[in-house]
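Report on the structure given below.
These figures come from a predicted structure and were not determined experimentally. Note on naming: letters A, B, ... go to the chains in the order of the sequence lines (proteins, then strands), and numbering restarts at 1 for each one.
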Amino acid sequence: MPAASRNSIGGGRGFGINDDVDILTEVLKRLDGRSVCVAACVCRQWSSIARKDSVWEELCFRHVSPGVRPVVVALGGYKRLYMVCVRPLLKRMTLARPDEVQLSLSLFCVHYYETLAGSGPPSSLMFLCNPVNV
Amino acid sequence: MVPYETAAAAPPIPIGNPPASSSSSSSTTIIPKPPEIDGLLAGAGYKVRSSDLRHVAQRLERLETAMLNSPSQQLSLLASDAVLYNPSDLSTWVDSLLSELNQSQSLPSLPSDLSDLMSNPTALDGSWMDQQLPPPTAAVHNQQPPQLTVVTAVEEDSGIRLVHMLMTCAEYVQRGELALAGSLIQDMQSLLTRVNTGCGIGKVAGYFIDALGRRVFAAGGGGGVPGGSAYENEILYHHFYEACPYLKFAHFTANQAILEAFDGHDCVHVVDFNLMHGLQWPALIQALALRPGGPPLLRLTGIGPPSPDGRDSLREIGLRLAELARSVNVRFAFRGVAAARLEDVKPWMLQVNPKEAVAVNSIMQLHKLLGPGSPGDPARPAPIDAVLGWIRSLNPKIMTVVEQESNHNQPAFLDRFTESLYYYSTMFDSLDACALQPEKALAEMYIQREICNVVSCEGSARLERHEPLANWRERLTRAGFRPLHLGSNAFKQASMLLTLFSAEGYCVEENEGCLTLGWHSRPLIAASAWHAVAETAAGAVSDVPVVGGVVL
């Protein structure tokens, strides 16, 4: 489409994706983890949106009750939950079922508890980093 | 091709020399085949005695070197003029070929004894392997071969021999013949140098030989467990937690059962018989925080050994758990009870409120109470009965019991030894799948301490008196408890947990309402749940079966 006619649609100024933060957030919320990280490298605005915990909340548990949120926030936030627990778990399960969600939260909680100890990096989730025997 | 005339007679029957050790005289030794011909080479048509394998390997190597080095006329002479008999008797055949070549050449002399063989146990199909070996310690040689072939069948043979020798040694110990046991231990230690102790039977055998040594050579009765401070034990326990799924399975299964039992109660009290670093409780706190209807008031009483250096380690753990509970908005109170032994704990120390729902959690602690206890007063009940008695008096909603699934408490030493050899071999097999270091090495040390206690200690020093689930069922039923069936949620959670571990051999099984976790269909750890049965005024026992949290 030629640039001139694009501007005339909608009776004037066109719409750029960067103009509306909320719409951009809604779009980024629907991506997978790797794409969000790639999006964070695009520009400063996209980077700040990609860091919002609400984006990662969608990523972690698309269909989970909001009651989980205060607990997750207290334990370090959704982005951290994704990096530490959900991403390694997604290699082995879909995290669509509530019991899978519950398990990942429990593991996250043990991880948080270990960080409270302050003695070295927490290691209770190291076993998740092992490659799976196929 | 070398023409030869095969002897018409049958192949020579080897004069099978039984191994020099005393194991051949024991009733427990089973020699795999009557003449000791190597089975793998026999499949290819060669008859070689297992004891000759190393010798034949050397000779073949020499033959190859000689053939490569000899001038071509030599070889054609060998091809046309040499007469060789019976090539299936590989040993003689090689020797005769070598002597043919020897007549015209001076060969470098190889060391006749290779005492430091290291073989790769993964190539157990009997194939020849080239390996760089450390220089042999034997006698003079003017030219050292750059590479030596190593026979892996020798390794397999040595592994079987080690197991036989271990059993024989245990039998001597049971009969009280400590001198014979001692010399056998020394034989085994020298055999260990020829076996790969990095994994497999070599590693397990090494630990058992060490434990037997402690028992036989220690002054006085029973060798002590190596090291043994509570702080060290906590660290080893933590690494055992990380390297393999047994403790995680225990914690998650117990938590699920406790969560279901606490349904509908607003004041709950958990008594943990061995707090350690409190790794079990964050998950329960988080699950209680998210339960529909909101979290209850949670009290946790943690029992642990007193810390020697003035640190109050129980209180530190309590503070950490309290901080976690505060962040997720769960009202929480902690109490630490320091006791060297579980039988020293008295129920008043736990300060249980009659209005609260009580859960008692014992992860691999109850078996320590099966010992003789303090001698002298026959009227006092055995420690296990005393403790089960006061647990019952607390009227707990649930008691979660996780124990090793094996019988290491039989009266006869040989039975205990045999059973623990199989049990810990399986456990080490499962640990081999773990790739995390140093977690794996420290987890092995944790298991090694258990082995030492089972094998080398006696009387009140022997704490690791594991008994199988069937025994615990009987004992707990006699003490007035009834089983609570672990529901399907616990099973699903355990299965999910196992999919996260990369090793494929773990299996969760359901056993009459209890869950067991094992390696390749051998259960290694069993989790069960119980509740105290109320006695009515008439003395009859009322029984309310509960399945998966629903009262029928």
Quickly, which of A:Val72, A:Val71, A:Leu107 forms a side-chain contact (heavy atoms from CB on, under 4.5 Å) with B:Gln286? Name it, please.
A:Val71
Is it the case that more than 12 heavy atoms not belonging to [X] sit under 6.0 Å from its [atom1] atom?
{"X": "A:Arg51", "atom1": "CZ", "result": "no"}
{"X": "A:Arg80", "atom1": "CZ", "result": "no"}
{"X": "B:Arg315", "atom1": "CZ", "result": "no"}

From the list B:Ser327, B:Pro245, B:Ala289, B:Pro282, the residue making the most non-hydrogen contacts under 4.5 Å with chain A is B:Pro282
Most chain A-contacting option - heavy-atom pairs closer than 4.5 Å, from B:Glu242, B:His238, B:Arg320
B:Arg320
Test item: [X] and [Y] side chains (from C-beta on) under 4.5 Å apart, heavy atoms:
{"X": "B:Met496", "Y": "A:Gln102", "answer": "no"}
{"X": "A:Tyr113", "Y": "B:Leu321", "answer": "yes"}
{"X": "A:Cys109", "Y": "B:Leu324", "answer": "yes"}
{"X": "B:Asn489", "Y": "A:Asp99", "answer": "no"}
{"X": "B:Lys248", "Y": "A:Val110", "answer": "no"}

Atom group of [X] that falls short of 4.5 Å from chain A, counting heavy atoms:
{"X": "B:Leu290", "result": "side chain"}
{"X": "B:His251", "result": "neither"}
{"X": "B:Leu284", "result": "neither"}
{"X": "B:Leu497", "result": "both"}

Separation between CG (B:Asn255) and OG (A:Ser106), nearest 0.5 Å, reads 8.0 Å
Output the distance between atom CG (A:Leu103) and atom OG1 (B:Thr499), rounded to the nearest 0.5 Å.
8.0 Å
